[in-house]
Amino acid sequence: MIKRLLSLVLALLLCPLFALGEASITIVDPDGEEVSIEFFDAEPAPEPEGEGEKSARDDFIDSIISLAEEKYIAANGRAQRAQYSGDIYVCKNFTVYLFRENADRFRMAEYPDVELVIPDNLPKDQCVEYVYGMEWKPVSAEDGNPFYAAAEFRYDPDKSKEENWQDAREFLKQVKRGDYFQMAANYYYGIGAHSMIFTEDYDPDTDTVTWCDSNMKGEKRGGDRYGYVQFNANKEIDWFVDAFCRKKYGATIYRLRDDIIYK
């Protein structure tokens, strides 16, 4: 009889009827007495934790890069006017536009009531030891600047060309997705200041960087400059090193602070 009771209990435990919630049954033992048996669900196993919600900082970066992609798709390979101060397709104007279109939703935790701003380039008359275009105005976080100089390269005249080259390579290997890049360079498409945003971390496997920008490539039409929008452009870092690793030239990597929050 005991074996039969145990078999019955085991069968009930495996029955879908008792798979959820609480249940009880009453059976009669060999002496004629009723025996009540209660069943309880085991505590459900916790669901595996996901990656968590996106941080405000990551959301800010994603929004900037997504808008850059939208502008790239909208341009559809056609050059956009990049001649006048109000043209968003001038190189610095483009990166500033991407920032400003998204910045209003965010703040810095240290200064939650301060609107975010992006600094202009340091004026030419303040560029003494180096040429114009390799750095921004020194605007403080207290005044709304959410960026800091994560790394910078300045050609050192006291070092050999080879030493400067290695310094420049190590500098560029520090690139992270969402970094703003400001350089004074002599590159294949032009000479002077250029601004862009990296869309991926530096890739050590391919020794490359990936970015978005406007007006690195361009052309003249009727006396006006027209520039092309690039998205997820990719080159080996030596291409950039060759461009800015020159006497009186250099570059700066600007990175968003870690304390970006929602407004």
Side-chain angles (χ1 to χ4, degrees), residues 64 68 79-100 117-140 143 145-157 159 161 164-165 167-176 178-199 202 209-220 224-230 233 235 237-256:
I64 288 172
Q80 308 296 308
R81 195 181 69 182
Q83 178 68 28
Y84 304 102
S85 60
D87 293 339
I88 69 168
Y89 294 100
V90 176
C91 62
K92 180 64 185 279
N93 288 3
F94 186 68
T95 57
V96 168
Y97 167 81
L98 299 177
F99 174 88
R100 288 179 176 170
V117 300
I118 182 170
D120 295 329
N121 289 351
L122 190 69
K124 290 183 178 180
D125 59 5
Q126 296 182 36
C127 301
V128 180
E129 296 183 15
Y130 295 91
V131 301
Y132 166 80
M134 56 195 288
E135 60 186 325
W136 297 350
K137 289 181 178 178
V139 179
S140 68
D143 291 325
N145 179 15
F147 293 93
Y148 65 97
E152 58 183 30
F153 170 80
R154 305 290 184 264
Y155 192 95
D156 188 344
K159 292 184 177 181
K161 183 176 181 179
N164 274 287
W165 182 276
D167 289 346
R169 292 193 94 258
E170 293 305 313
F171 154 77
L172 206 53
K173 288 180 181 180
Q174 300 178 62
V175 163
K176 298 290 185 183
D179 286 350
Y180 271 59
F181 188 63
Q182 186 67 46
M183 69 175 180
N186 183 344
Y187 52 100
Y188 181 80
Y189 304 107
I191 301 174
H194 188 65
S195 303
M196 47 192 252
I197 303 169
F198 291 106
T199 56
Y202 161 73
V209 290
T210 305
W211 77 94
C212 63
D213 68 354
S214 177
N215 202 33
M216 174 182 278
K217 301 178 181 180
E219 59 190 45
K220 285 282 189 177
D224 287 345
R225 170 81 177 183
Y226 280 74
Y228 291 92
V229 181
Q230 297 186 106
K235 284 191 180 294
I237 64 172
D238 283 351
W239 188 87
F240 281 98
V241 171
D242 184 58
F244 64 75
C245 185
R246 299 166 182 267
K247 291 181 179 180
K248 294 193 173 184
Y249 281 65
T252 309
I253 297 170
Y254 291 101
R255 185 167 295 159
L256 282 172

Item to complete: Without swapping roles, check the side chain of Asn121 against the backbone of Gly133 for a donor-acceptor pair under 3.5 Å.
Response: no

Please give me the minimum heavy-atom distance between [X] and [Y], naming the atom from each residue.
X      : Y      : result
Asn145 : Phe147 : OD1-N, 3.0 Å
Ile237 : Val209 : CG2-CG1, 3.7 Å
Tyr187 : Gly192 : CE2-O, 4.4 Å
Arg81  : Tyr226 : N-CD2, 3.3 Å
Trp211 : Gln230 : NE1-NE2, 3.7 Å

Between atom [atom1] of [X] and atom [atom2] of [Y], what is the distance when rounded to the nearest 0.5 Å?
X      : Y      : atom1 : atom2 : result
His194 : Gln182 : NE2   : CD    : 9.0 Å
Tyr132 : Leu122 : OH    : CG    : 9.0 Å
Tyr180 : Ser195 : OH    : OG    : 9.5 Å
Asn215 : Thr95  : CG    : OG1   : 11.5 Å
Tyr84  : Asn93  : OH    : CG    : 14.0 Å
Asp213 : Met196 : CG    : CE    : 6.5 Å

Worksheet item: Can you find a pair of side-chain heavy atoms, one from Glu135 and one from Tyr130, that are under 4.5 Å apart?
Response: no

Item to complete: Flag the pair Tyr188 / Lys235 as yes when at least one side-chain heavy-atom distance between them is below 4.5 Å, and no otherwise.
Response: no

Worksheet item: If you draw the axis of the six-membered ring of Tyr228, does the NZ or CZ of Lys217 fall within 45° of it and under 6.0 Å from the ring centre?
Response: no

Please table the atom pairs, donor to acceptor, closer than 3.5 Å between any side-chain atom in residues 239-255 and protein atoms at least two apart or in another chain.
{"unit_1": "Arg246", "atom_1": "NE", "unit_2": "Asp242", "atom_2": "O", "d": "3.1"}
{"unit_1": "Arg246", "atom_1": "NE", "unit_2": "Ala243", "atom_2": "O", "d": "3.2"}
{"unit_1": "Arg246", "atom_1": "NH2", "unit_2": "Asn186", "atom_2": "O", "d": "3.3"}
{"unit_1": "Arg246", "atom_1": "NH2", "unit_2": "Asp242", "atom_2": "O", "d": "3.2"}
{"unit_1": "Thr252", "atom_1": "OG1", "unit_2": "Met134", "atom_2": "O", "d": "2.7"}
{"unit_1": "Thr252", "atom_1": "OG1", "unit_2": "Arg154", "atom_2": "NH1", "d": "3.2"}
{"unit_1": "Thr252", "atom_1": "OG1", "unit_2": "Arg154", "atom_2": "NH2", "d": "3.0"}
{"unit_1": "Tyr254", "atom_1": "OH", "unit_2": "Trp136", "atom_2": "N", "d": "2.8"}
{"unit_1": "Arg255", "atom_1": "NE", "unit_2": "Asp179", "atom_2": "OD1", "d": "2.9"}
{"unit_1": "Arg255", "atom_1": "NE", "unit_2": "Asp179", "atom_2": "OD2", "d": "3.4"}
{"unit_1": "Arg255", "atom_1": "NH2", "unit_2": "Gln174", "atom_2": "O", "d": "2.8"}
{"unit_1": "Arg255", "atom_1": "NH2", "unit_2": "Asp179", "atom_2": "OD2", "d": "2.8"}

Fill in: Phe94 and Gln80: CA distance, side-chain angles, deciding distance, side-chain contact (heavy atoms from CB on, under 4.5 Å) verdict
CA-CA 11 Å; Phe94 186 68; Gln80 308 296 308; over 6 Å; no

If you count the non-hydrogen atoms of other residues, nucleotides and ligands that lie under 6.0 Å from [atom1] in [X], is the total more than 12?
X      : atom1 : answer
Tyr189 : OH    : yes
Lys220 : NZ    : yes
Lys173 : NZ    : yes

Fill in: Those residues that, when tested against Phe181, pass ring-ring contact (aromatic ring centres under 6.0 Å, His included) (two or more places apart)
Phe198

Practice prompt. Could you pull out all residues at least two apart from Arg100 that satisfy salt bridge (Lys or Arg N to Asp or Glu O under 4.0 Å)?
Written response: none

Practice prompt. Determine the interplanar angle of the Phe153 and Tyr155 rings, folded into 0 to 90°, and report it as parallel if under 30°, tilted if 30 to 60°, perpendicular if over 60°.
Written response: perpendicular

Item to complete: Determine, step by step, whether Ile64 and Ile197 satisfy the side-chain contact (heavy atoms from CB on, under 4.5 Å) criterion, reporting the C-alpha distance in whole Å, the side-chain angles of both residues, the deciding distance to 0.1 Å, and the verdict.
Response: CA-CA 9 Å; Ile64 288 172; Ile197 303 169; 3.8 Å; yes

